[in-house]
Amino acid sequence: MYHAPETAEDSQTQGGGGTPKPLLPPFSLIGQKLTRRSAILELMDDLGQAMTLRPEILMLGGGNPGVVPELQAIWRRLMRDLLARETVFDSMLANYEPPQGNPQFVRAFATLLQRELGWQVGPDHVAVTPGTQTAFFFLFNLLAGRHTGSARRKILLPLCPEYIGYADQGLEEDLFVSCQPVVTWPDAAGRIFKYGIDFEAVEGRLRAGDIAAVALSRPTNPTGNIVTEAELRRLSDLTAAHGVYLIIDGAYGLPFPGVVFRPARPHHAPHVINTFSFSKLGLPGVRTGLVVGPPEIASALRAWTAVVGLANTNVGQQLLLPIVESGEILDLGPRVLQPFYGERSQAALAALREHLGPTGVDWAVHASEGAFFLWLWFRGLSIGTTELYHRLKAREVLVVPGAFFYYGLSQPVTHQDQCLRISFAQHPERVREGIRRLAEELADCG
Ligand code: PLP
């Protein structure tokens, strides 16, 4: 594989031994930034290898959804129905559609949100994107970075640790600033903790006047935290008062896929940008994301999609159109995904108690309120969790070390070396075996 030299000078001297190499131009600064070894690249490489080439690896790492037979049966039925409607099927494959998304789908989605949630939104508030990862790349670079004159604006993450996939998305350096959470201990046994928003810190950061948007995932990846309704309302009021957008990433959340283990409601307001994804319903392969926000945002995303990719992928929109129109998409969480992932979360917690209990290791876990992850905290660990990640990889167990989820902070924090994320989305027996090996490794660390 060709690796671009960093400078033209490097390219002339490459190869050593006097063999002249053709002089190829170096990558641009943006090119270099986006091709360096990012955390998300490492994670997706690990995930891709484990899911395709190395099935023996115990995949407690990435955010791949589990295999949910009841949903697979629904996708197969919808695909058969689609194949039978030949005109729709042919046009789905044969046509570029408007970059905002398929007009019928966009209208149906806005209608669903109006009807079921009472949101005051129409088609102008909606933009389809090729997955929400792409939506975040567009949104962050649309809003933050250098502005006219010398002003620079940033994205504020009110509760760090936050989703690894945002970290490297800035076309410019230092796009993010983050606030550390406050820690509370909701259970008397001292094994379960919960992060909360430090509003004093958030307000202080907003007062600096250089924030374009506040962004958070809810439920949070990596912790499984669901920021409370009171916190969310306060954040919404604060951002409105400071004239900045509030971006709520609902990849695992509400109203679908609804992987939430305690009562919670979605939130919308005129300055709020909500993002939704089909991926965690079990459809990451269709690469379909949805953004609902002020019309100027939807319209900007439409323009970015046209420039970057002409149009969206049509398959996910056509496949799910019938259950968006009927509203069935909203039942899948409460009826199927909550029990499915809720049981897996409980099984993983039980395995932690069983295997870590006898080791004497000082462990705690973030309250598992939603998403696919447990966020573990080892306060007495003699090595950092990055070293632990490498040791576990040698034992064919993939986890994600805490440090990947910390960015935008002015200084390192202890949690980043003492915490790690495991996913409980895969088969419970495999997750249990992964946890057993984790406990063994921790016992060896002393
Ligand atoms: N947001 C969060 C919190 C995620 O965990 C993910 C994927 O794992 C995404 C966004 C992006 O998902 P997609 O691009 O598949 O919609």
Side-chain angles (χ1 to χ4, degrees), residues 38-48 50-51 59-66 101 109 126-140 155 157-169 176 178 195 213-227 247-254 256-260 264 266 273-292 301 304-305 308-309 312-313 315-317 319-320 329 337 341 366 369-375 398 400 404-407 421-426:
S38 61
I40 194 69
L41 178 56
E42 185 147 343
L43 177 81
M44 291 313 288
D45 268 355
D46 276 356
L47 172 68
M51 300 309 285
M59 184 56 200
L60 277 56
N64 212 79
F109 192 66
V126 179
V128 177
T129 57
T132 49
Q133 186 70 17
T134 306
F136 282 103
F137 179 74
F138 290 174
L139 285 169
F140 292 153
I155 303 293
L157 307 175
L159 222 177
C160 187
E162 186 49 276
Y163 173 46
I164 185 176
Y166 305 151
D168 297 288
Q169 287 203 313
F176 298 99
S178 307
Y195 289 145
V214 171
L216 78 163
S217 55
R218 183 175 186 259
T220 309
N221 174 358
T223 55
N225 191 14
I226 297 184
V227 162
I247 304 176
I248 305 171
D249 177 352
Y252 301 85
L254 300 158
F256 68 85
V259 186
V260 294
I273 303 169
N274 272 286
T275 67
F276 311 98
S277 172
F278 287 168
S279 297
K280 312 304 173 180
L281 285 169
L283 295 170
V286 301
R287 307 305 304 127
T288 304
L290 294 148
V291 179
V292 177
L301 294 179
W304 280 54
T305 296
V308 175
N312 285 290
T313 51
V315 178
Q317 298 174 71
L319 191 68
L320 269 63
I329 190 170
L337 293 176
Y341 287 110
H366 192 286
E369 298 179 327
F372 302 164
F373 312 107
L374 293 182
W375 180 247
L398 286 180
V400 187
F404 283 177
F405 303 94
Y406 292 84
Y407 47 95
R421 186 191 82 177
I422 62 172
S423 162
F424 51 73
Q426 302 307 308

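Indexing begins at 1, ligand by ligand and atom by atom, following the structure's order. Just so we're clear, the structure is a prediction, and the values are computed from it rather than from any experiment.
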I want to confirm something. Looking only at heavy atoms, which of V286, D249, L290, T288 is nearest to atom 10 (C) of ligand 1? D249
Is the closest heavy-atom distance from Y252 to ligand 1 below 4.0 Å? yes
Enumerated ligand 1 atoms positioned under 4.0 Å from heavy atoms of K280: 7 (C), 8 (O)
Verify the ring-centre separation between F140 and F176: is it less than 6.0 angstrom? yes
S279 heavy atoms, cut-off 4.0 Å: which ligand 1 atoms fall inside? 13 (P), 15 (O), 16 (O)
Out of the candidates I329, L319, T132, only one should pair with F278 under the side chain to side chain contact (heavy atoms under 4.5 Å, CB included) rule; please name it. I329
Under 4.0 Å to a heavy atom of Q133 - the qualifying atoms of ligand 1, by number: 11 (C), 13 (P), 14 (O)
So, Q169 side chain and Q133 main chain: donor-acceptor pair closer than 3.5 Å or not? yes
Quick check: does any side chain N or O of R218 sit under 3.5 Å from a backbone N or O of V227, one acting as donor and the other as acceptor? yes
Can you pull out the closest protein heavy atom to atom 9 (C) of ligand 1? Residue, atom name and distance to 0.1 Å, please. Y163 OH, 3.4 Å
Strictly distance-based, threshold 3.5 Å: is any side-chain N or O of Y341 a donor or acceptor partner for the main-chain N or O of G66? yes
Just by modelled atom types, is the Y163 backbone N or O under 3.5 Å from a matching donor or acceptor in the S217 side chain? no
Could you check atom 12 (O) of ligand 1 against the protein and tell me its nearest heavy-atom contact, residue, atom and distance included? T132 OG1, 3.4 Å
Number the atoms of ligand 1 from 1 as they appear, then name those within less than 4.0 Å of a heavy atom of R287, with their elements. 13 (P), 14 (O), 15 (O)
Please state whether G131 comes within less than 4.0 angstrom of ligand 1, counting heavy atoms only. yes
Counting the benzene-type ring for Trp, do F373 and Y252 have ring centres under 6.0 Å apart? yes
